[in-house]
Amino acid sequence: QVQLVESGGGLVQPGGSLSVSCAASGRTFSSYTMGWFRQAPGKEREFVAAINRSGLTTYYTDDVKGRFTISRDNAKNTVFLQMNSLKPEDTAVYYCAADADTPKYYMPSYYFDTDKYEYWGQGTQVTVSS
């Protein structure tokens with residue numbers, strides 16, 4: 001099993017920046033595809049960003065492209081999400097997720113599918129408000 005713990009959430013003014021982190025247990029972190037999802041009140045959980053095992057490939061939802069950056073440090077079993085130019089619409093609980101069985105061949109849309117991720121953190125609240 002994999003345990004994920006998010007941290008770094010908080011209250012930020014519009015236009016501000018915030019970085020959230022996700023620490024993973026285990027010694028096979030480098031074999032996990034990692035993703036960030038978020039869920040706003042009254043809405044379904046949605047994809048935000050993902051990063052492949054090596055960290056060389058990333059994907060973002062259109063709403064955050066150019067503003068958010070996902071990265072990972074496999075030596076520290078940690079994935080990060082740097083959020084800049086935050087908007088009130090970014091307010092949500094942000095969840096870290098891990099996929100331990102990413103197939104050798106897959107479509108890029110694989111990263112966007114909530115159901116592909118087996119492990120989830122408890123979430124961290126990000127509130128963007130003046």
Side-chain angles (χ1 to χ4, degrees):
Q1 62 180 21
V2 178
Q3 295 180 2
L4 305 173
V5 181
E6 301 97 334
S7 62
L11 176 64
V12 185
Q13 293 186 336
S17 298
L18 192 67
S19 180
V20 292
S21 302
C22 174
S25 65
R27 299 187 64 184
T28 57
F29 179 77
S30 62
S31 69
Y32 308 155
T33 295
M34 300 298 297
W36 284 99
F37 294 77
R38 65 187 181 186
Q39 187 167 20
K43 297 185 177 180
E44 294 186 349
R45 190 170 300 183
E46 65 175 355
F47 170 78
V48 176
I51 188 166
N52 75 344
R53 289 164 288 194
S54 68
L56 298 178
T57 302
T58 59
Y59 295 93
Y60 301 92
T61 187
D62 288 343
D63 291 342
V64 308
K65 287 181 179 178
R67 299 190 298 120
F68 291 11
T69 302
I70 187 172
S71 61
R72 68 191 298 162
D73 186 341
N74 287 344
K76 297 182 178 180
N77 281 19
T78 304
V79 64
F80 307 91
L81 184 68
Q82 177 66 47
M83 300 178 286
N84 299 324
S85 302
L86 284 162
K87 306 174 181 179
E89 305 90 87
D90 296 317
T91 296
V93 176
Y94 282 71
Y95 296 92
C96 174
D99 174 29
D101 58 2
T102 307
K104 182 177 181 180
Y105 300 102
Y106 56 89
M107 299 296 291
S109 59
Y110 183 98
Y111 290 112
F112 311 156
D113 191 347
T114 301
D115 295 334
K116 302 301 183 182
Y117 295 82
E118 294 84 30
Y119 306 101
W120 294 83
Q122 294 298 116
T124 185
Q125 177 71 48
V126 174
T127 302
V128 185
S129 176
S130 60

message: Could you tell me if the side chain of D101 sits less than 4.5 Å from the side chain of K116, heavy atoms only?
response: no
field: hydrophobic_cluster_shared for F80 and V64, side chain cutoff 4.5 Å
entry: no
query: Is there a path from W36 to V2 through hydrophobic residues (I, L, V, M, F, W, Y) whose side chains come within less than 4.5 Å of each other?
result: yes
query: For Y111, what residues pass the side chain to side chain donor-acceptor pair (under 3.5 Å) criterion, not counting sequence neighbours?
result: Y106
- prompt: Do the side chains of F68 and T61 get nearer than 4.5 Å, heavy atoms only?
  reply: no
query: Of all heavy-atom pairs between R72 and R53, which one has the smallest distance, and what is that distance?
result: NH1-CA, 3.5 Å
field: Same apolar cluster: V48 and Y119, side chain cutoff 4.5 Å
entry: yes
field: Smallest separation among heavy atoms of V93 and G123, with atom names
entry: CG1-CA, 3.8 Å
message: Any heavy-atom pair between the side chains of D90 and V126 that's under 4.5 Å?
response: no
field: For F37, the option from Y117, Y94, Y95 that meets ring-ring contact (aromatic ring centres under 6.0 Å, His included)
entry: Y117
- prompt: If you look at every heavy atom in T124 and S7, which pair is closest and at what distance?
  reply: OG1-C, 4.4 Å
field: Min side-chain heavy-atom separation Y110-D99 under 4.5 Å
entry: yes
query: What's the verdict on side chain to side chain contact (heavy atoms under 4.5 Å, CB included) for W120 and T114, showing C-alpha distance, side-chain angles and the deciding distance?
result: CA-CA 10 Å; W120 294 83; T114 301; 3.4 Å; yes
Which atom pairs, donor and acceptor, lie under 3.5 Å between side-chain atoms of residues 10-25 and protein residues at least two apart or in another chain?
from : atom 1 : to  : atom 2 : distance (Å)
S17  : OG     : N84 : OD1    : 2.9
S25  : OG     : Q3  : N      : 2.9

message: Please find the pair of heavy atoms, one from A49 and one from L81, that lie closest to each other, and give the distance.
response: CB-CD1, 4.2 Å
- request: Answer yes or no for R67 and Y60: cation-pi contact, defined as NZ/CZ to six-membered ring centre under 6.0 Å and angle to ring axis within 45°.
  value: no
message: Any non-hydrogen side-chain atom of F47 less than 4.5 Å from a side-chain atom of Y59?
response: yes
- request: Of all the heavy-atom pairs spanning F29 and M34, show the shortest one and how long it is.
  value: CE1-SD, 3.8 Å
message: Could you report the tightest heavy-atom contact between R38 and A92, atom names first, then the distance?
response: CB-CB, 3.8 Å
task: Verify the neighbour count for atom CD of Q122: are there more than 12 heavy atoms of other residues, nucleotides or ligands below 6.0 Å?
output: no
field: salt bridge (Lys or Arg N to Asp or Glu O under 4.0 Å) evaluation trace for D63 with K87
entry: CA-CA 10 Å; D63 291 342; K87 306 174 181 179; over 6 Å; no
query: Taking the side chain from T58 and the backbone from I51, do they hold a donor-acceptor pair closer than 3.5 Å?
result: no
